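Reading through the C-alpha cells given below for one structure.
Small disclaimer: the values here were computed from a predicted structure and weren't measured. Positions are given from 1 along the sequence.
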Amino acid sequence: MYAVGIRVVGLVACVILFLFGAKGQEVAADSVRMGKVLAPVEVSDTWLHSYAVGGHSEPLDPMAIQRQAATSLGKLLQAQQGIYLKEYGPGMLSSISLRGTSASQTSLLWNGLLINFPSLGQADFSLIPNFFIDQAEVFYGGVSSLAGSGAIGGAVAVSDRVDKDLRSIGLTQEVGSFGTSFSGLKVKASGERAGISLAGFYKKSDNDYTYRNLAKVGQPIERQSHGAYMGKGLKAAAFWNPWSKGVFDLEGWLTQYDREIIPPYTVASVGDTQVDQSLRLSLGYVHSISPLLKWESRAGRIYDFIRFNGLASATTQYMWNNSIEWMPISKVQLRAGGLINHIAADVPEYGGDLTENRSNAFLMVNWFPSARWTLNAKVRQEIVAGKWNPVSPSLGADVLILKSDEVSLNWRSQISRSYRVPTLNDRYWSPGGNLNLKPEQGWNAESGFDYSIKQGKHVLKASATGFAHWLQDWILWLPQAAGYWSPVNVRNVFSRGGELSAGHEWSAGEWVLTNDVNYKLTVSQIRAGYSGDDSNIGNQLPYVPLHQGSWNVGAQTWPWHFDSQVSFYGSRYTLVDNDINLDAYTLWNLEAGRQIRAGKSLFSLSVKVDNVLGKRYENLQYRPMPGRSFSFQLNYTLNQDKK
C-alpha cells in the first residue's frame, strides 16, 4: 500500500507542479515588482473557531510546532497544554483524555474531516507528525454540534497553510539518545494565484532506554530490548485561485510506521509488531457568491491499514462535506450544511467486507446584537446505517465586559449535548458485537472568563473555566455467559472541574521573556453501572489524573532562544476499584537554540534535554518511560521572493 500511496501523492504533486508551477512563478514575479503583501492561504476548514462561541479553546503556538517538528502531536499537546495522554512507551500508542473522558470520546479533525479510526473510534496521537502540521487548536468540552460524533470530551483540529509569494526549501535533521534520528525536507513554491508545498520525513529509534523493573526482586535496572520503531511520510498541499471568487485546495498525507510493541515488564516479550499505514486525501473548494454569501465543498478519502503480528485490517472512508455561510440580515451570520460518509471495512473479525453509510446535517447561527455581544446556536443531526442518532444542540455566548486599549475582559458560557456512535468493533466484532448498542450521550455546561492587560512593555493574560459533564450509556466490554466479551451500555459518569491559565510577556530591551502556566482539575466519577459495578460508584475513572498542569518559561533575543517546560501529572488509579494508583510525576525539559543568517539562508541550531532530572516513572502500569535524554537539531531554510 505504501508504494501505491507514494505514486498517488507523487502524481498529485506532479500534476500540481505542471498546472500551477509556471503560472505561480509568473504571478510571483509580478507581485514582487508591484510590492504586494499577500496573506497566507489556509488549506483547512477554519470556520470551526468562529462558531465555537462560549466554549474554551486553545490554539497551539506555531513556533512550538516548528521547534518540535521531529516529534508527534501527542508530545506537543503534553508540552504546550499539559494534556494527559496514555502512552504505552515512546513512539507507541498514545491516546488522549480530555475532561475525564475516554480516548474514543475525543475527535481528531484534519481539514475539518474526522480521522479517528472508525473501527476503534479513537486516534493514535503518536502517528500524527508535527512536521506536517502548520496550525492546531484544542476545543474542550462537548462539541458534537460543531465537530460531529465522538466530540464528547473535546476535539483537536489540525490544518495547513500555504504562504503566497514564496519559494523556499527547508531541511531538518535531528539526532538524539536511544538511537533516535529524524530527517525532513520541505519545498514550497507559490505565487498570488497558485502554490504548492511538499514535505517528507524519515524517523527511527532503537528505543533501547534503561528502566527499573519493579516486578523483580531487587528492582534491577534493565534495558528495553523490544521497542524499536520507524516512521516515514510524504505530504503534498496546494491551492489554486483560478478566478477572484473561487479557490481550490488539495492536500495529501501518506504515512507508515513500523513498531516493535513494548511489552509490560511483568511478562516476557513475545515479539509483537505492528505496521500502521494511512493515506489521507482532501480536495476543497470555496466560492464567494457575493460579499455576504459563500459556498464551501470538501471531498476526502481516508484510508487506514493496521497489521498486528501478520493479522491485517483496513478501513476506507469517502467523505463529502458541503456548506454555505450567509449573512441574511445585518448582525446575523449562519452556516448550514451536511456531510456524507461511506465507510468500507476489511476486518476479518467482522465476518467479511462491511460497508456503512453515515450522513449528518447541521445549522449554526452567530448573532451580534451589539459590538460586545456574540450569541450562538448550533444543532446537528446524524443518521448512521439508517438509524437516527441523538440530536446535538448547543447554545453559547461571548460577552466583552471591558474593552480598551490596555484592558480586555470577556465572559463566555456554553451548554451543549454531545454523543458518540458505537464503533464498528462495538457492533460487528465476532464474537461479541452488539448491534443493539445505543450511542453514548451527555450534556456539557461550562462558563469562564478571559482577561488581558497591557501596560508598557508587559502583557498579562489569564483564563479561568469551570465545567460539568453528565454522560450516560457509556459502553463497556464485559464477559458473557457464553464465554466471550461483549459491549453493553452500562455506565453513567459525572465529570466536573476547572481549567486555569495565565501568561506574562515582557519586552525587556532586545529580549522577550514569556512565562505561561496552566492547571487542570478533573473529577470524573462513576454514578451508575452494572450489577458488579455497584461498589465502584463514586470512584474516579482509571487514568484520569485529578491534577495536571504545565509551566513554560521562554527567553528570546536575536539570534538566541531558551525554553523551559515543566509538566505535572497527578496520581492515576489503574482500575475502577481505585485500589492501586500510580505515583504522580513531574517532567522538566530544556531547550536552547541559535539562529545564523547568511543572505537568504537561515540556519537554526538547538539542543534539547528531556526529563532533565532523570525521573523514573510509569505513564501506564508496568510500562516504564525513559529517563534523561538528549537531542540535537539543525534546520536550514532558503527563502526567496518573500515579501
Side-chain angles (χ1 to χ4, degrees), residues 60-82 90-91 126 128-136 168-188 199-207 209 231 233 503 505 508 510-516 550-567 587-615 625-639:
L60 296 179
D61 181 7
M63 184 58 68
I65 296 175
Q66 293 181 22
R67 290 177 179 170
Q68 297 194 43
T71 64
S72 67
L73 178 59
K75 289 296 185 184
L76 183 65
L77 293 171
Q78 289 175 321
Q80 289 297 303
Q81 298 194 16
S126 71
I128 307 299
N130 292 332
F131 194 69
F132 284 176
I133 299 172
D134 292 310
Q135 300 175 120
S168 70
I169 298 175
L171 297 170
T172 299
Q173 180 64 54
E174 181 172 299
V175 295
S177 302
F178 319 127
T180 302
S181 64
F182 178 94
S183 302
L185 169 66
K186 290 184 177 180
V187 179
K188 299 180 180 180
F201 76 90
Y202 179 83
K203 181 177 183 178
K204 74 175 188 68
S205 177
D206 296 332
N207 231 1
Y209 58 91
E505 181 179 300
E510 296 183 352
W511 286 86
V512 176
L513 308 177
T514 58
N515 191 354
D516 298 286
S550 65
W551 176 30
N552 296 338
V553 177
Q556 184 170 327
T557 183
W558 175 262
W560 295 95
H561 78 267
F562 304 91
D563 292 290
S564 169
Q565 299 175 344
V566 178
S567 300
L587 301 179
W588 181 23
N589 303 328
L590 289 176
E591 177 182 343
R594 188 182 193 279
Q595 293 181 314
I596 302 172
R597 188 179 297 280
K600 295 182 178 181
S601 296
L602 179 66
F603 297 87
S604 300
L605 304 169
S606 65
V607 57
K608 304 175 186 177
V609 184
D610 289 338
N611 195 357
V612 173
L613 302 179
K615 173 70 175 178
M625 300 295 286
R628 186 183 301 108
S629 64
F630 300 87
S631 63
F632 302 88
Q633 187 179 100
L634 169 65
N635 289 288
Y636 169 74
T637 304
L638 173 64
N639 283 331

Any side-chain heavy atom of [X] sitting closer than 4.5 Å to one from [Y]?
X: Phe131; Y: Lys203; result: no
X: Ile128; Y: Ile133; result: yes
X: Val553; Y: Leu513; result: no
X: Ser205; Y: Pro90; result: no
X: Asn130; Y: Leu73; result: yes
X: Met625; Y: Asn611; result: no
X: Leu634; Y: Leu171; result: no

Donor-acceptor side-chain pairing of [X] and [Y] below 3.5 angstrom:
X: Ser183; Y: Gln173; result: yes
X: Glu591; Y: His561; result: yes
X: Asn635; Y: Gln633; result: yes

For [Y], is there any backbone N or O sitting under 3.5 Å from a side-chain donor or acceptor partner on [X]?
X: Arg594; Y: Trp560; answer: no
X: Ser181; Y: Val175; answer: no
X: Asn589; Y: Gln565; answer: no
X: Asn552; Y: Ala79; answer: yes

Given Leu605 and Phe632, is the side-chain contact (heavy atoms from CB on, under 4.5 Å) satisfied, shown in steps? CA-CA 8 Å; Leu605 304 169; Phe632 302 88; over 6 Å; no
Give me the atom names and distance for the closest heavy-atom approach of [X] to [Y].
X: Ala592; Y: Phe562; result: CB-CD2, 3.7 Å
X: Ala64; Y: Leu76; result: O-CD1, 3.9 Å
X: Gly503; Y: Asp516; result: CA-OD1, 3.3 Å
X: Phe178; Y: Ser629; result: CE1-CB, 3.6 Å
X: Lys608; Y: Arg67; result: NZ-O, 2.7 Å
X: Glu510; Y: Thr557; result: O-OG1, 2.8 Å

Let me confirm one number: the [atom1]-[atom2] distance from [X] to [Y], rounded to the nearest 0.5 Å.
X: Gln595; Y: Ser606; atom1: CD; atom2: OG; answer: 10.0 Å
X: Thr172; Y: Lys186; atom1: OG1; atom2: NZ; answer: 7.0 Å
X: Thr637; Y: Lys600; atom1: OG1; atom2: NZ; answer: 14.5 Å
X: Glu174; Y: Thr180; atom1: CD; atom2: OG1; answer: 8.5 Å
X: Phe201; Y: Leu185; atom1: CZ; atom2: CG; answer: 13.0 Å

For Tyr636, check ring pair (Phe, Tyr, Trp, His ring centres under 6.0 Å) against everything at least two apart and list the hits. Phe603
